[in-house]
Amino acid sequence: MASSHSSSPMRRPGGGGRDGLYHKERDASPHHCRPVRSLPDVCPKEPTGEGRGLCDGPSVVAEHDRWTVYSSKVNLPAALNDPRLAKRESDFFTKTWGLDFTESEVMPSFYLPSISREHFAPYLQEMAQRERIHERCKTICPNKDDVDAVSSITTNHDKSRAELEQVPKIFMRPDFALEDPATFNAVLPWSHFNSTGGKSSRDMASSKLLQEKLSHYLDVVEVSIARQISLRSEAFFHAMSSQHELQDRLQETQQAVATLRSRTAAMDRVMCQGPLRALRTALTRNNCVKLHNKLKLMAAVHQTQPTVQLLLSTSEFVGALELIATTKEVLQQELQGIHSFRHLGSQLCELEKLIDKMMVEDFSMYARSDLNRSPRDEPQVLEKVLIPNAASQKERLESLVFGLLRQRKLDFLDIYSDEMILAAKAMVAQCVTESVLHMEEIDTEVVTKVAEQMRLMTFPQWFELLENVFESFLLFLQRIKATLNVIRNVVLEVLDSNQKNRLLEEARVGPSAQDSSQGLSLLQGEAEVAYLTHEGLFISDALNEAQQQAGSRTQQSRAEAAGNDSASGSTETPIIREQSFMSGENMMPTDLELNRVLNNIQDLLYTASDVSHDRCVKVLTARAKDGSLERLSSAEFVCLSQAVEGFVRDTEELCGRRSVSLRGALQSQANRFVHRFHEERKTKLSLLLDNERWKQAEVPAEFQDLVNSIADGKITLPERKTPAPDDRKPTEFLLVNGQKYAVVGTVLLLIRIFLEYCQCVNDIPSVATDMLTRLSDLLKHFNSRSCQLVLGAGALQVVGLKTITTKNLALASRCLQLVVHYIPIIRAHFETKLQPKHFNVLRHFDHITKDYNDHIAEISAKLVAIMDSLFEKVLSKYEVKAPMPSTCFRNVCKQMAKMHEAIYELLPEEQTQMLFLRINASFKMHLKRQLSRLGVVNDGAPQHGLVVVDVAFYTENFQALKSLERLDLNMAEIWEQKR
């Protein structure tokens with residue numbers, strides 16, 4: 001059974017077609033309408049295979065006589081019946097011709113306008129009303145032919161369906177096969193036939209009936225198939241008519257193409273061959289120029305390695321790195337794919353790594369040689385001109401730093417830091433070794449350790465060594481600062497160069513936009529020439545070549561200039577080096593990294609100061625390990641403190657950093673020294689107090705001078721002078737601001753002791769707080785111990801005094817008053833040495849002053865208590881009787897005269913008056929009590945008269961004492977008031 005499109009055309013009598021063929025009536029429904037189809041585009045597309053030259057490609061001009069229709073790869077029936085396609089394409093006029101062709105987008109013509117839907121808008125608006133009327137009419141009044149056709153088709157379909165229903169369903173099954181026994185038995189029921197093998201008349205009739213039935217089924221199916229073929233014949237006839245029409249059009253197209261080719265061939269001979277030959281000649285010349293430039297560039301690149309070796313021999317690392325970078329850029333852009341240079345890129349990379357190692361090693365050697373120079377032989381620093389080859393050394397350092405920055409080796413400061421630490425250690429060992437060489441008492445073969453050698457030195461020898469170490473480290477820091485300044489200047493130069501590059505790029509943004517637009521217009525003008533002179537198949541290759549031509553010329557000229565400059569082997573200058581950094585900007589560190597390097601440089605200078613202080617701390621602690629620094633005298637420790645403070649101050653001015661390690665070590669030693677200093681003086685004061693007999697001592701002239709200097713504001717110990725004969729004799733009293741102080745010898749030494757504390761604070765300001773606490777403890781100790789010895793009568797057992805007299809008490813009070821006088825002066829002196837945050841420590845002086853004043857008040861009360869007990873004892877035996885004055889009053893006046901004689905020269909006049917007024921008050925109290933007990937009143941009686949006589953005698957003797965003449969005794973208070 002053939003398909004409908006392969007059946008032969010059949011004529012229908014009375015058909016309605018124009019060509020006498022039967023045309024199937026079309027359905028009026030919209031989904032049966034076929035779109036209008038355009039003529040097929042049978043021109044072959046541009047091939048996408050390998051590129052060939054212009055003379056080797058297909059040409060419609062040169063091959064119009066040789067091409068025929070048989071040159072096509074496929075014919076029309078093969079295209080229509082291609083079994084490799086999944087389904088037939090809807091429009092075979094636009095199908096792809098063969099499997100070797102691919103769909104490609106066709107560029108729109110520049111000469112045809114772009115047609116959009118807006119161009120058809122007026123037509124659509126004009127025809128919209130007519131279309132709506134037409135559609136409405138078609139719906140209301142359908143075509144008579146369409147109605148008849150539909151009714152006939154429906155009738156035939158129902159009739160065919162009824163006939164097909166007579167055929168058993170088994171024949172319609174998709175898996176129908178007579179080979180299947182079950183199917184065969186169902187179609188041919190052998191059970192109706194005789195199984196004995198004979199042929200009876202009944203069997204004959206049954207078989208004939210079965211044959212007629214199967215024949216009937218076959219006729220029904222064939223009639224149905226014929227009916228279906230007749231219904232689809234219109235499509236086959238339409239395809240055949242379309243094929244005839246296509247053949248006619250192909251013949252017309254072949255004739256038109258032949259005419260076009262003949263005309264094009266004439267144009268090619270007359271107008272194109274000559275100009276194309278001229279363009280090819282110009283292209284060949286340009287290619288020869290490019291080849292010549294390539295060869296020159298290759299010659300320059302070939303000289304890269306010898307030139308790099310020459311630059312490295314003169315330590316021109318920056319020039320060598322710039323040459324390598326330029327060569328690598330040329331290899332990647334201009335000389336890419338050159339077989340002879342296939343290994344040059346890897347060789348340059350290895351050479352660049354070698355230069356990195358060389359720069360790091362040279363920088364390490366430079367740092368080592370510069371830091372390990374002897375300060376005595378070469379005391380000048382790197383920047384000064386007095387050093388031989390100083391300029392060359394500086395340029396060498398700058399070249400190394402430039403190269404390391406260009407390669408982003410930003411850790412070179414760590415190398416310098418490591419070398420700096422090693423040099424600092426070696427410097428201390430060298431100083432100790434040089435000092436020990438001049439000391440015969442130290443055997444270096446026996447004592448090998450540096451710390452032990454320093455402990456065997458005397459203090460002057462060790463102190464001289466320490467000063468040498470300080471001096472060496474100051475020169476060491478100056479040398480480091482000079483080197484770091486050179487490195488900082490290089491980094492700042494690179495940073496400034498980066499900023500200039502950014503400014504130039506920002507200024508170039510405006511002109512570059514104009515240049516790009518001009519370049520674009522030039523490229524558009526050159527695109528046509530490039531297309532004509534290009535030897536490939538595609539226009540895109542020619543356009544890309546035209547766009548890259550200007551850039552390649554610029555890069556080629558720059559590469560040639562770099563190659564010529566490198567081949568000359570000339571040494572670079574700072575200007576050339578700056579230009580090289582401007583050209584290799586992408587290789588340089590960023591501004592953030594450069595600023596980080598600047599911070600690291602400053603941190604490295606701080607580290608150098610810390611390292612120097614740490615090594616000096618080692619020298620200090622090695623000496624102090626056996627406690628020798630604690631046993632120093634005050635003058636020696638002051639010398640040590642001054643030397644350390646001077647070194648710390650110099651390093652702070654030089655490096656701008658306040659290092660705390662050496663100050664901390666000195667503070668630790670100072671605390672130990674202060675502790676020993678205080679314990680020695682406290683012990684000394686305790687011994688003096690324990691041996692003090694509390695008698696008035698003579699005041700030597702030197703102590704009077706000491707007090708006078710304090711009065712003049714000099715809170716320091718006088719300088720020791722050569723002993724000279726002093727004709728001045730000691731005095732009985734110590735004059736302080738015009739006042740006489742009767743003192744014991746211990747107080748004189750106490751004044752010198754607290755002046756030693758003040759002097760120590762002057763020399764070592766860092767121990768001011770600790771020293772103030774220690775001095776407060778010393779003053780408290782003097783107060784408490786003197787109280788125990790005098791008021792507590794401890795001197796009776798300690799010294800062996802028989803009794804504590806009023807003179808002892810007055811002398812102790814006057815000594816305490818002298819100390820109280822100097823406490824504000826000491827406080828003011830310490831206040832100038834303390835930091836504001838430590839001012840709260842000064843409150844100790846307030847507590848001490850209060851304790852001293854309380855002690856003085858207790859002594860005064862003790863003196864009054866002595867006389868009070870005397871008055872109570874004597875006046876209890878008083879009787880009012882003759883003779884007058886009475887014995888009791890005579891004893892009282894005698895004892896008061898003795899006390900006055902004992903304290904008058906010790907205490908000032910005001911204190912004496914106040915004391916005797918208190919004694920007089922005590923006397924009046926006891927006398928009043930005794931008179932009250934005796935019943936004597938102020939009544940003018942004889943007893944009253946006798947008492948008046950005694951009182952007058954008392955008053956006369958009291959006022960006869962020195963400094964007591966003008967005191968008002970107010971003796972009337974002894975009488976009780978009358979009620």
**Message:** Consider side-chain contact (heavy atoms from CB on, under 4.5 Å). Of L748, V743, V744, which one does T746 pass it with?
**Reply:** V744

**Asked** Less than 4.0 Å between a side-chain N and a carboxylate O, is that true for D854 and K850?
**Response** yes

**Asked** Any donor and acceptor pair, going by atom type alone, linking the side chain of N808 with main-chain N or O of T805 inside 3.5 Å?
**Response** yes

**Message:** Would you say the rings of F677 and Y757 are close, in the sense that their centroids are separated by under 6.0 Å?
**Reply:** yes

**Asked** Does the salt bridge (Lys or Arg N to Asp or Glu O under 4.0 Å) test come out yes or no for D705 and R728, once each step is laid out?
**Response** CA-CA 11 Å; D705 295 339; R728 294 181 299 175; 2.6 Å; yes

**Message:** Can you confirm whether F871 sits close enough to L927 that some side-chain heavy atom of one is under 4.5 Å from a side-chain heavy atom of the other?
**Reply:** no

**Request:** Verify whether the ring centers belonging to F953 and F889 lie closer than 6.0 Å.
**Result:** no

**Item:** Trace of the side-chain contact (heavy atoms from CB on, under 4.5 Å) decision for M896 with Y954
**Value:** CA-CA 10 Å; M896 291 182 66; Y954 168 79; 3.5 Å; yes

**Item:** S668 (side chain) donor-acceptor with G664 (main chain) under 3.5 angstrom
**Value:** no

**Request:** Would you please indicate yes or no on a ring centroid separation below 6.0 angstrom for Y904 and F916?
**Result:** no

**Prompt:** Should S686 and H781 count as side-chain neighbours, where that means a heavy-atom distance under 4.5 Å?
**Reply:** yes

**Message:** Exactly one of V648, V644, L662 should register a side-chain contact (heavy atoms from CB on, under 4.5 Å) with C616. Which one does?
**Reply:** L662

**Message:** Does the plane of the ring in F470 sit parallel, tilted or perpendicular to the ring in F647? Use 30° and 60° as the thresholds.
**Reply:** parallel

**Message:** Quick check on the 6.0 Å ring-centre criterion: do F733 and Y741 meet it?
**Reply:** no

**Prompt:** Between E652 and R663, is there a salt bridge with N-O shorter than 4.0 Å?
**Reply:** yes

**Prompt:** With sequence neighbours left out, which residue pairs that include part of residues 766-775 fulfil the salt bridge (Lys or Arg N to Asp or Glu O under 4.0 Å) condition?
**Reply:** D770-R774

**Message:** Run the salt bridge (charged side-chain N to carboxylate O under 4.0 Å, His left out) test against D868 and tell me which residues pass, sequence neighbours left out.
**Reply:** none

**Validation row, ring centre F473 to ring centre H613 under 6.0 Å** = no

**Asked** Between I825, V819, I715, L775, which is the residue that forms a side-chain contact (heavy atoms from CB on, under 4.5 Å) with F754?
**Response** L775

**Request:** Compute whether any side-chain donor of one residue and acceptor of the other, for Q696 and E905, lie under 3.5 angstrom apart.
**Result:** no

**Prompt:** Between S813 and L809, is there a donor-acceptor pair closer than 3.5 Å when you use the side chain of the first and the backbone of the second?
**Reply:** no

**Prompt:** Distance-only, no hydrogens or angles: does the H838 side chain make a donor-acceptor pair with backbone N or O of T769 under 3.5 Å?
**Reply:** no

**Prompt:** Heavy-atom count around K682 NZ within 6.0 Å, excluding the residue itself: above 12?
**Reply:** yes

**Request:** Taking salt bridge (charged side-chain N to carboxylate O under 4.0 Å, His left out) as the test, write out the residues that go with R929, two or more places apart.
**Result:** none

**Message:** Are Q895 and V874 packed together at the side-chain level, in the sense that at least one heavy-atom pair is separated by less than 4.5 angstrom?
**Reply:** no

**Asked** Should L750 and F782 count as side-chain neighbours, where that means a heavy-atom distance under 4.5 Å?
**Response** yes

